[in-house]
Colleague: 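Below you will find the structure I want to go over with you.
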Amino acid sequence: MSNKYRSIVTLDFQYAHRFMNWKREAKHLHGHSGLLTLELENTVDPETGFAFPCKEAQKIAWEVADHFHHATLFEEGDPLLEAMLSTYEKEGIINDPAYCVPLKKIDHELAWSYPEYRIVVTKKVSTCENLCELFYELLKDKLPIKKVTFRSSLMNAATKEF
């Protein structure tokens with residue numbers, strides 16, 4: 001019998017994306033309410049009684065997930081990316097720190113960001129499966145993640161154990 005437990009944290013956020021090379025309607029820019037669930041595995045700390053304090057885990061995970069909240073995700077090579085960057089710059093549409101939480105740049109082999117425009121570029125198409133992998137990679141050094149589940153709607157979800 002294992003003496004490990006899982007603390008579970010869930011974050012929800014809204015984002016837009018498209019499947020650049022998809023023939024169906026998802027090739028158009030559209031939005032989702034994303035639901036990210038992280039299962040953190042650890043032994044129970046005898047002092048706190050937690051496998052991992054959920055409030056602390058939520059804060060750490062949100063430091064990454066906030067980059068995706070009200071953001072637009074583009075797959076690397078999407079011709080809409082340059083048009084969006086150009087339009088945002090021309091129109092002055094920025095993540096103004098006076099009104100929005102300032103974001104640090106994501107700089108990872110699987111994703112990078114333009115935090116001033118709330119744009120994230122992903123190496124792979126932003127399916128639920130690939131977003132599970134991406135969130136794991138961005139958070140694995142900060143949290144003891146055992147399982148990641150990502151849901152983009154009631155019909156679309158993926159989960160992966162690590």
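Just so you know, residue 1 is the first one in the sequence shown, and it goes up from there.
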Colleague: Can you name the residues that form a side-chain contact (heavy atoms from CB on, under 4.5 Å) with H108, not counting sequence neighbours?
Modeller: I106, L110, E137, L138

Colleague: Out of curiosity, does L11 fall in the hydrophobic cluster containing V120 (side-chain heavy atoms, cut-off under 4.5 Å, transitive links)?
Modeller: yes

Colleague: Hydrophobic cluster membership, with links at side-chain heavy-atom distances under 4.5 Å among I/L/V/M/F/W/Y: are V148 and W62 in one?
Modeller: yes

Colleague: Using modelled atom types only, decide if a donor and an acceptor are shared between the side chain of H32 and the backbone of Y15 within a distance under 3.5 Å.
Modeller: no

Colleague: Using modelled atom types only, decide if a donor and an acceptor are shared between the side chain of T87 and the backbone of A83 within a distance under 3.5 Å.
Modeller: yes

Colleague: Could you tell me which non-hydrogen atom of S33 sits nearest to which non-hydrogen atom of Q14, and how far apart they are?
Modeller: OG-NE2, 3.7 Å

Colleague: Is the side chain of K105 donor-acceptor paired with the backbone N or O of S113 at a distance under 3.5 Å, no angle test?
Modeller: yes

Colleague: According to a 4.5 Å side-chain heavy-atom criterion applied to Ile, Leu, Val, Met, Phe, Trp and Tyr, with indirect links allowed, do L29 and Y114 form part of one hydrophobic cluster?
Modeller: yes

Colleague: Under 4.5 Å between any side-chain heavy atoms of K123 and E109, yes or no?
Modeller: no

Colleague: Taking NZ, NE, NH1 and NH2 as the nitrogens, is one of them in K124 or E133 under 4.0 Å from a carboxylate oxygen of the other?
Modeller: yes

Colleague: Do the side chains of T159 and K147 get nearer than 4.5 Å, heavy atoms only?
Modeller: yes

Colleague: Which residue pairs satisfy the salt bridge (charged side-chain N to carboxylate O under 4.0 Å, His left out) criterion with at least one member in residues 111-122, sequence neighbours excluded?
Modeller: D66-R118

Colleague: Could you go step by step and tell me if I119 and L81 meet the side chain to side chain contact (heavy atoms under 4.5 Å, CB included) rule?
Modeller: CA-CA 9 Å; I119 290 175; L81 173 61; 3.7 Å; yes

Colleague: Scan side-chain atoms only and decide if H69 and H67 contain a donor-acceptor pair under the 3.5 Å cut-off.
Modeller: no

Colleague: Quick one: does T37's side chain get under 4.5 Å of V9's, heavy atoms only?
Modeller: no

Colleague: Under the side chain to side chain contact (heavy atoms under 4.5 Å, CB included) rule, what do N130 and F135 come out as? Steps first, then yes or no, please.
Modeller: CA-CA 9 Å; N130 288 335; F135 281 109; over 6 Å; no

Colleague: Does the gap between the ring centers of F19 and H17 come in under 6.0 Å?
Modeller: yes

Colleague: With a 4.5 Å limit on heavy-atom distance, are the side chains of Y117 and I94 in contact?
Modeller: yes

Colleague: Knowing that exactly one of L73, T72, D78, V125 qualifies, which makes a side-chain contact (heavy atoms from CB on, under 4.5 Å) with R18?
Modeller: D78

Colleague: Do L80 and F74 have side chains that get closer than 4.5 Å, going by heavy atoms?
Modeller: yes

Colleague: How about F162 and Y136: are their ring centres within less than 6.0 Å of each other?
Modeller: yes

Colleague: Can you tell me if E89 has over 12 outside heavy atoms packed within less than 6.0 Å of its CD?
Modeller: no

Colleague: Group every Ile, Leu, Val, Met, Phe, Trp and Tyr by side-chain heavy-atom contacts under 4.5 Å, then state whether L131 and L38 land in the same group.
Modeller: yes

Colleague: Is there a side-chain contact between L35 and T10, using heavy atoms and a 4.5 Å cut-off?
Modeller: yes

Colleague: Kindly say whether P144 contributes a backbone atom to a donor-acceptor pair with the side chain of E41 at under 3.5 angstrom?
Modeller: no

Colleague: With salt bridge (charged side-chain N to carboxylate O under 4.0 Å, His left out) as the criterion, how do E39 and K146 come out once you've worked through the C-alpha distance, each side chain's angles and the decisive distance to 0.1 Å?
Modeller: CA-CA 6 Å; E39 295 187 26; K146 182 64 176 176; over 6 Å; no

Colleague: How close do C128 and S152 get, heavy atom to heavy atom, and via which atoms?
Modeller: SG-OG, 3.5 Å

Colleague: Once you round to the nearest 0.5 Å, how far does CE of M84 lie from CD1 of I93?
Modeller: 8.5 Å

Colleague: According to a 4.5 Å side-chain heavy-atom criterion applied to Ile, Leu, Val, Met, Phe, Trp and Tyr, with indirect links allowed, do I145 and F150 form part of one hydrophobic cluster?
Modeller: yes

Colleague: Could you report the tightest heavy-atom contact between A51 and S7, atom names first, then the distance?
Modeller: CB-OG, 3.5 Å

Colleague: Less than 6.0 Å separating the ring centroids of F52 and Y5?
Modeller: no

Colleague: Can you give each donor-acceptor pair under 3.5 Å made by side-chain atoms of residues 20-28, sequence neighbours left out, with the distance rounded to 0.1 Å?
Modeller:
none

Colleague: How close do A57 and L40 get, counting heavy atoms only, and between which atoms?
Modeller: CB-CD1, 3.4 Å

